[in-house]
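Fair warning: this is a prediction, and the values are worked out from it, not measured in the lab. Residues take their numbers from the sequence shown, with the count starting at 1.
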Amino acid sequence: MIVTEGTDTEPAYFGAIRDRINARYQGRIQLEIYGEGDNTLSLLNKARNRAFANPNGYRHAWVVYDTDDFPAEHIDQTAQLCEAWSTEDTTYHAIWSNQCIELWFLLHFSYMHSDLHRSEYWPKLSAYLCSLGKGEYSKNRQDMYKILHPMMDHAIVNAKRLDAENRDKLPSQSAPGTKVHELVEALKPYLSE
C-alpha cells in the first residue's frame, strides 16, 4: 500500500507504476495507492488505519510525504513512528522528500545538492523536459513516470548519493533529500521489461 500526501502528482506517478505492475503480475501482486491529501502525522495515521481495516493486511505500507513547510518535529516524528509501529505483519516506510517530490524528478536529470526552495524546482524541471521535447513541467502531470522511467537508474544513484551526504541527519535537516528511491527500488524488479 502506498499512501501519499498529494492527491494528484504522487498518485499519478505511482499509479503508472502500479498499472505497469498489475498488467504484468495480474492477480499475484496487490498494490494499492491512496492520495490522501493530508500531512505527515495525519497521513501516517490514515495509512495505519487502512492497514488495520484491510482484511488481508499489507506487508508494506509506504507513507509518501513532502516536508514542504510542515513543522520539523512532525516530519521527523513521522519517520520515527514508521519504525516504531512496524511489526512482523506490516512494515511502515517513511518516504519523505525534502522539500517535495519534484526533487526526485530532478534527480533523473542531474545530481542536485543545493538547498533550494521548492518553487525553484519547477523552472529546472521545465528546462529539462523542454530539452527532451516534452513541454513545460506543471504540477499534476500524468506522464511523469513515462517520461522519467528511462532515467530511473540515474535518479537512484543520485538519491543514494544525497542519502550519503545526509547520513545521521533527521529528515527535516536533510535538505535536499529524498527516500523515494527506496520505494522505487522495491518495485523495480516488477517493472523490468
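- Around atom CD of Glu136, no more than 12 heavy atoms belonging to other residues, nucleotides or ligands sit under 6.0 Å away.
- Residue His181 comes nearest to Ala159 through the heavy atom pair ND1-CB, 3.4 Å, listed as atom of the first residue, atom of the second, then distance.
- At least one side-chain heavy atom of Tyr111 sits under 4.5 Å from a side-chain heavy atom of Leu162.
- Taking both residues in full, the closest heavy atoms of Val180 and Ser97 are given as CG2-OG, 3.5 Å, listed atom of the first, atom of the second, then distance.
- Ion pairing between Arg118 and Asp69 holds under the 4.0 Å rule for side-chain N and carboxylate O.
- Residues Tyr190 and Arg24 form no side-chain contact, since every pair of their non-hydrogen atoms from C-beta on lies 4.5 Å or further apart.
- Here the side chain of Glu5 pairs a donor or acceptor atom with the backbone of Asp66 at under 3.5 angstrom.
- In Lys169, the NZ atom is crowded: over 12 heavy atoms of neighbouring residues, nucleotides or ligands sit closer than 6.0 Å.
- With contacts defined as side-chain heavy-atom distances shorter than 4.5 Å, the pair Glu165/His113 qualifies.
- Residue Glu102 holds its CD atom at 13.0 Å from CG of Leu116, rounded to the nearest 0.5 Å.
- Side-chain atoms of Tyr58 and Glu32 form a donor-acceptor pair, as typed in the model, at a separation below 3.5 Å.
- In plain terms, the two heavy atoms of Cys82 and Ala94 that are nearest each other are SG-N, 3.7 Å.
- Between Ala12 and Arg141 the shortest heavy-atom distance is CB-O, 4.0 Å.
- Minimum interatomic distance between Arg50 and Met1 (heavy atoms only, all atoms of both residues): CB-SD, 3.6 Å.
- Residue Asp89 holds its CG atom at 11.5 Å from NE2 of His60, rounded to the nearest 0.5 Å.
- Between the side chains of Asp76 and Ser172, a donor-acceptor pair is found at a separation under 3.5 Å.
- A side-chain contact (heavy atoms from CB on, under 4.5 Å) with Ser174 is found for one member of Thr67, Asn166, Asp168, Ile75 and no other, namely Asn166.
- The side-chain heavy atoms of Ile156 and Met152, taken from C-beta on, include a pair separated by under 4.5 Å.
- Connection of Val64 to Trp96 is not established within any shared hydrophobic cluster, with ILVMFWY side chains joined at heavy-atom distances below 4.5 Å, either directly or through further cluster members.
- Annotation: side chain of Arg18 is not in contact with side chain of Phe14 (no heavy-atom distance under 4.5 Å).
- Classification of the Tyr137-Trp122 ring pair by plane angle, with boundaries at 30° and 60°, yields tilted.
- Ring geometry, Tyr13 versus Phe105: the interplanar angle falls from 30° to 60°, so the pair is classed tilted.
- Shown here is Tyr34, whose OH atom has more than 12 heavy atoms of other residues, nucleotides or ligands within 6.0 Å.
- Looking only at distances, no side-chain donor or acceptor of Ser126 sits under 3.5 Å from a matching main-chain atom of Pro123.
- Of the inter-residue distances, the one linking Asn39 atom CG with Leu44 atom CG reads 11.0 Å to the nearest 0.5 angstrom.
- A side-chain donor-acceptor contact under 3.5 Å links Asn98 to the backbone of Pro171.
- Screening Ile95, Leu107, Ile101 for a side-chain contact (heavy atoms from CB on, under 4.5 Å) with Thr178, the sole residue that qualifies is Leu107.
- In this structure, Phe109 and Leu125 have side chains that are in contact, with non-hydrogen atoms separated by less than 4.5 Å.
- Aromatic ring centres of Phe70 and Tyr65 lie farther apart than the 6.0 Å criterion allows.
- Cluster membership for Leu129 and Met112, using ILVMFWY side-chain heavy atoms within less than 4.5 angstrom, is shared.
- Applying the 6.0 Å contact sphere to NZ of Lys46 captures more than 12 heavy atoms from other residues, nucleotides or ligands.
- A 6.0 Å sphere centred on NZ of Lys146 holds no more than 12 heavy atoms belonging to other residues, nucleotides or ligands.
- Tracing side-chain contacts under 4.5 Å through hydrophobic residues (I, L, V, M, F, W, Y), one never reaches Val63 starting from Leu31; they form parts of separate clusters.
- Tyr145 and His149 have tilted rings, their planes meeting at an angle from 30° to 60° on a 0 to 90° scale.
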